[in-house]
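Lettering follows sequence order; numbering is per chain, from 1.
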Number of protein chains: 2
Amino acid sequence: MAQIDLGIPCDMHVHVREGPMCELVTPTIKEGGVSVAYIMPNLQPPVTSIDRVSEYKTKLSKISPDTTFLMSFYLSDLLTPEVVEEAAKNKLIHGIKCYPAGVTTNSTQGVDPNDFSKFYPIFEKMQEFGLILNLHGEKPSTESCFSEKDKEDITVLNAEEYFLPALRKLHTDFPDLRIVLEHCTTQKAIDTIMDINKEIKDPRDIRVAATITTHHLFLTIDDWAGNPINFCKPVAKLPSDKRALIDAATSGKPYFFFGSDSAPHPLSNKARISSVCAGVYTQSLEIPYLAQVFNDHNSIDKLKDFVSKFGREFYNLGPHEIISKDHCILYQKSQVVPNVITNADNSVEVCPFKAGESLNWSVKWEPVF
Amino acid sequence: MAQIDLGIPCDMHVHVREGPMCELVTPTIKEGGVSVAYIMPNLQPPVTSIDRVSEYKTKLSKISPDTTFLMSFYLSDLLTPEVVEEAAKNKLIHGIKCYPAGVTTNSTQGVDPNDFSKFYPIFEKMQEFGLILNLHGEKPSTESCFSEKDKEDITVLNAEEYFLPALRKLHTDFPDLRIVLEHCTTQKAIDTIMDINKEIKDPRDIRVAATITTHHLFLTIDDWAGNPINFCKPVAKLPSDKRALIDAATSGKPYFFFGSDSAPHPLSNKARISSVCAGVYTQSLEIPYLAQVFNDHNSIDKLKDFVSKFGREFYNLGPHEIISKDHCILYQKSQVVPNVITNADNSVEVCPFKAGESLNWSVKWEPVF
C-alpha cells in the first residue's frame, strides 16, 4: 500500500472560534492532517489587542499542545500602528486579516474596501515588520438594484471580481507588503494572481499570493443552492471557476497554497430558513478531502508542496517556529465522513463537509528520525 | 383613500398540493386577491388521468367554492393523445405542464428537454383542442463540471437561457400551439418572448407568452444565498434580470402576465442543511406584494391588465367559466406579513414570503352590480 509523506502541512486560514466550539474543533486540526494553523481573528469582539491575542493563543495551545498556532489581528479602527509594531516585535502575530464590513461571519466591524487609505500607517508597519496582510477579497453587495443604470450591480457572484482592483492598488502602494488574497473562488482572481506574479523568478520575491480552500475545489453554485451546509462566503461559483481553482492548486505555482477557511457553525445556525451562517467545516478531514481532488486530477505528487511548502515559505516560517516535527503520512484507506461531529455532552454539533460520503484516503502522524 | 378596482385577478401558476397543506393554502388564493387559479399537476404521483384531475378539482372546489380552478395534466409517458383529447373535449383541463426531469419539486417523472419529439402526438392534440403548453423552462444542470471542454456547463444560473432554443423549436414546429414559458427569470428569456412576438399586432395572435411570479420581482441571487425561504427554481438571478422582469410586468405587453408559482412547503422542509425544497409561498398576499412593486415603479395603473386581463385572454376564458364575478379592490392599508401560516392543530406550518415585513396595500372583494 502506497504511503505518501506530506511533511508538515500548514493550513493558512483556520477558524476555531471560542468556548465549547473551540474545544471541539481545535483538536480536529491535527486529526485532519494539519500541523500548522493560521488562526482567524473574527471573534466577538474581534481580536485587536496584545492581551487578547496572547490569551487566545494560550487557550488554543492548551487544547492542542502539538499544533503550531500562528495568530492574527483583525483590521479595524481599534488597531494602531503602535500595537501592530509591538505585536510584530514580540512575534505574537504573523499577519492581519482584513474583512470588508458585512460580507461574512462576524465582519460587521470590518473596513470599507473602497478606501483603505486610513489604514496606510498600519500597512507601513506591516511592510516594515514582515507581517502578512490577509484579504477577504469581496466587495459588499449593493443594497438596491435600482440605483442609476451606471452604478455597479455587485452580487455574491461578482463580489470577488469587483475587489481585484483594490488588491492591485494595495500591491502598487505597498510593493514590499506580503498580501494573501484569501479563499479565491474565480477564474478572474486566479488570472489576476498569475498576472501579478508573471515576472517572478525566485519564490522569495512573491509579494501577492492566494489561498485556495478545500471545499471550493469541490463545489459550484448548484451545490449550495438549496444546501446550506455548502453555503459559504465567498460562495462557490461556476464550473469554469472551479476548474481554474483546481488547475491553480495542482499547478505547482508557489503563489497558490492551502488555506481551508474551515468555518464551523452550530448545526442550528445552518438549518434555518434565513440568515444561514456562511461557512463550510472541513477541518477534521482536510488532507483526505484534498487527496481525493488531487488524485482525481492525477496530481497527487503536487499535494505536498501545496500544503507543506508554498504557504510556509511565503510566511517565512523557520523550523524553530514549528512545534511538532512529525510528518503527515497519507495512505489509501477509505473512510466515511461522519454525519455530525459533537462534544461529550452533545451541546455543540457541527456537520462536516460531505457528511455521509466516502473518502479514499486517510492520514496518520509519524516522527521523523 | 384611493381604491383601485382590479377586476377578477387570475393567477396562472398555482401549487396547492394535497392533504392538510391543500386545506391550509387553498383558501388563501382568494385571501391574496386572486379569483382564478391555474392549478399545477405535480402531485405524487403526478396528475395524468381523467379521474385524478376530476377528483382533484372536486376537492379544491369543496374547500373554496368561490374560487375558479383551472386544471392541468403533467406531461409524461403516462399521458396518451386519447386521454388528452378526452380531457379537452370535456373541458377538464386547460393545459399540460411540462417539467424537465429533476429540475424542481416533484419533477422526477418529467421529460428530457433535449428531445420533445416523443410528445409530438400529444402536442398535435393540444394544438387542435386549444390546450396550453406550460413549460418549466430550465435545462437540468450538468452533473460533472469535468466533462470535455466543449460540453456545456449548465448551472442554476444559465439553465433557463439554455432552454430557450427548445422553446423556439416548439413554437416553430407547432406554430398554433399556445405556449407559456412559466416563471421566467432572466433578461434573455424576456428578450426571447419579445422577439417571438415582435410582429404581433392583435393580442389574439399571441402564441408564446410568459408568466412572471411575484417573488422574482423582488429577489436576486443575494436574497436566496443563505436564505432558504427565498430559494426556488428557477432561482432568482442578477439585478439586471430583476429589472428586466419588472420592466416586462409593468410594460402593458399582453404576452407577459401573472403566474405566481406560489409553492408552499412545510417549514421543516425549508429549514434544513441540505435538499431544501425549492419554492416560495406568496399566495396569501399575492396582490398586496404585486401592488408594492408596481407602485414603487410608478406603474400601479398597469397592475389590472397584468393580473386580470392578459392571462385570461391568452387562456380564452369566457365569463361562464368564472365562478365568482366579485371584483378585487386594492386599497392603501398597511399590514405586516405573518411569520407563519398554520392550520388549527399546527400540524402544517408554512412561512410566507417577506415574513415580518410591512406591506402598504390590502385587498377586499366586492360584488359588481
- Task: May I ask you to test the A:Val235-B:Ile221 pair for a side-chain heavy-atom distance under 4.5 Å?
- Result: no
- Residue from B:Leu267, B:Leu238, B:Leu157, B:Asn230 scoring the most non-hydrogen pairs under 4.5 Å with chain A is B:Leu157
- Item | Most contacts with chain A, counted as non-hydrogen pairs under 4.5 angstrom, among B:Asp296, B:Ile154, B:Val276 | B:Val276
- Of all the heavy-atom pairs spanning B:Pro228 and A:Ser274, show the shortest one and how long it is. CD-N, 4.2 Å
- Task: Ignoring hydrogens and angles, tell me if any N or O in the side chain of A:Asp222 forms a donor-acceptor pair with the backbone of B:Thr155 under 3.5 Å.
- Result: no
- NZ/NE/NH1/NH2 to OD/OE distance under 4.0 Å, A:Arg243 and B:Asp153: yes
- Note on the structure: Rounded to the nearest 0.5 Å, the CH2 atom of B:Trp224 sits from the CH2 atom of A:Trp224 at a distance of 3.5 Å
- If you round to the nearest 0.5 Å, how far is CZ of A:Arg272 from CG of B:Asn227? 9.5 Å
- Query: Is it the side chain or the backbone of A:Ala225 that comes within 4.5 Å of chain B heavy atoms, both, or neither?
  - Reply: both
